[in-house]
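Remarks on the structure that follows.
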Amino acid sequence: MHDIRFIRESPDAFDAGLKKRGLAPLSAELLEIDRLRRAAISESEGLQAKRKALSQRIGIAKRKGEPAEAAMAEVASLETALKQGEAEAARLDEQLTHRLEVLPNLPLDDVPEGADENGNVEIRRHGNQRNFSFPPRDHVALGEPTGEMDFAAAVKISGSRFVFLKGHLARLERALAQFMLDLHTSEGGYTEVSPPLLVRDNAAYGVGQLPKFAEDMFHTDNGYWLVPTAEVPLTNLVNDTVLDEAALPLRYTAFTPCFRSEAGAAGKDTRGLIRLHQFPKVELVSITTPEQSAVEHERMTGRAEEVLRRLGLPFRTIVLCGGDMGPASRKTYDIEVWLPGQNAYREISSCSNCGDYQARRMGARYRPKEGKGTRYLHTLNGSALAVGRTLVAILENYQNEDGSVTVPDALRSYMGGLELIPAPAAKK
RNA sequence: GGACAGGUGGCCGAGCGGUUUAAGGCACACGCUUGGAAAGCGUGCGUGGUGUAACAGCCACCGCGGGUUCGAAUCCCGCCCUGUCCGCCA
């Protein structure tokens, strides 16, 4: 949600931000609605003030036992204009809100120009792509033959874009989640949270999922939304609150399943674990002051990268261009892990600084140490990491020629000391 | 699912047709006091909108939406949410 006063004061900056998003300028149109709205408010308030004064006089007169008919008649004569004025002011105010609430956030100045993912800019790389002495398999070819990655069973029970993990792979998923949570809570300073996965409209609205992205979420027949990411409940932890600056920053992490309808993704990534209706993810959310959010964003991205470093997975970090960012974000880093089975880097984390966009929608404010009043908080969220895709990356990067998979050092204690996930032939 | 009780500022809490211009307290800020602190005393302090160069002023807001009335936090209707008890249940 945008602040109309910002648009009033800096229409050019607003339009420049939209342009970076690939959108046409809107400030002139919005300011015209705002102008009409303010005129309507002034007129309506003038009438309201008149009614109020007269009503007070009537009250005083009645108490004294004096006649009040003249004043009562005068108020009555105002009624039509009053009703119309109030309705007009409300209508224009609502119109402005509806226009503003579907607009995306403005990109920060250092976000690159660009219409789509081709405009994204790689900013760093870590780790070397392994040199295989044999043609590397993809994760499906590694997982399915052992029966521990079972798409066929999932199809029978839930349809496409679901999976059963069993045995070593189920445990590997759990090990990864636990490893990530432990890292974030110990070194990262994040508080572990186990949040609700069904949320109400207002929570989905607060982070910007509603009203625009309803079709991307699953909805229950009694009115709940299944969370598409733990960002939704975690960020909403501060909705409708006024925090003391001393309490900041707040840092939350959660391991949850995420549910996405993947509307519009038909035919995309149909093979394997890459794009499912339900996938596990460890999420990070930070709540900070406007002054701190840029630093916090770098820190958060660094924590996500640290997971990959510990796991020994090669990755690159890119900054998304204006045309490729999610609507709530002012700046987004994607981290892409190297997947030898696909011979490509694939997104495994996305870390966004949402500025005050979500805070404004949620009513999330804080009281600054210095100065008066309240200010909107800044909210940030990032995956660290998408656990399903991390599992894919482990399988593909740590595979051996016989189809077995070496367990990375960092995970062995979480796997009961297991060093090797056996190949299909080794199983009976 | 059933019954009842409630939703008032950052928090607690009074008010239940007209000086509410939302009491009072807590918290917070500043000052006095003090060797320093606490306590005490004094002053200030809700949110949003509109308006202004900035003040001032004005309007709205007591869960949300309607209605009654000259006038609604207060009365009426609908909805949402919360709590308690009962039922069911991991």
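Below, chains carry the letters A, B, ... as their sequence lines are ordered, and counting in each starts from 1.
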Check the distance between [N]'s [atom2] and [X]'s [atom1] and give it to me in whole angstrom.
X	N	atom1	atom2	result
A/L92	B/C59	CG	P	21 Å
A/K62	B/U69	NZ	P	13 Å
A/R375	B/G46	CZ	P	19 Å
A/Y366	B/A27	OH	C1'	19 Å
A/N239	B/C81	CG	C1'	13 Å
A/E86	B/C58	CD	C1'	15 Å
A/I60	B/G71	CD1	P	16 Å

Ring geometry between A/F179 and A/Y414 (parallel below 30°, tilted from 30 to 60°, perpendicular above 60°): perpendicular
Could you tell me which nucleotide pairs with [N] by Watson-Crick or G-U wobble geometry, both distances under 3.5 Å, or answer none if nothing does?
N	value
B/A90	none
B/U82	B/A5
B/U21	none
B/G65	B/C77
B/C41	B/G31
B/U47	B/A60
B/A53	none

With rounding to whole Å, what would you report as the distance between [N] and [M] at their [atom1] atoms?
N	M	atom1	result
B/G25	B/U8	C1'	15 Å
B/A27	B/A38	P	12 Å
B/A23	B/A29	C1'	22 Å
B/G51	B/C32	P	40 Å

Distance check: side-chain N/O of [X] vs OP1/OP2 of [N], anything under 4.0 Å?
X	N	value
A/R8	B/U50	yes
A/R367	B/A27	no
A/R38	B/G51	yes
A/R200	B/U82	yes
A/R57	B/G71	no
A/K52	B/A60	yes

5′-ward residue of the pair A/D3/A/G46 relative to RNA chain B: A/D3
5' priority, RNA chain B, between A/D240 and A/A76 [closest heavy atom]: A/D240
Touch class at under 4.0 angstrom, heavy-atom based, for A/L54 against every strand present: nothing
Which nucleotide in the list [options] gets nearest to the side chain of [X]?
X	options	answer
A/A49	B/U50, B/C70, B/C58	B/C58
A/R365	B/C58, B/G48, B/C70	B/G48
A/S55	B/G18, B/C59, B/G10	B/G18

Nearest-0.5 Å distance, NZ of residue A/K20 to CD of residue A/E113: 5.5 Å
Separation between CG of A/D34 and CD1 of A/I4, rounded to the nearest 0.5 Å: 4.0 Å
Heavy-atom donor-acceptor pair, A/E45 side-chain to B/G49 base, under 3.5 Å: yes
Look only at the side chain of [X] and the backbone of [Y], and say whether a donor-acceptor pair between them is shorter than 3.5 Å.
X	Y	answer
A/R260	A/P228	yes
A/E396	A/H139	yes
A/R389	A/K281	no

Residue pair A/H184 / A/T253, side-chain donor-acceptor N/O under 3.5 Å: no
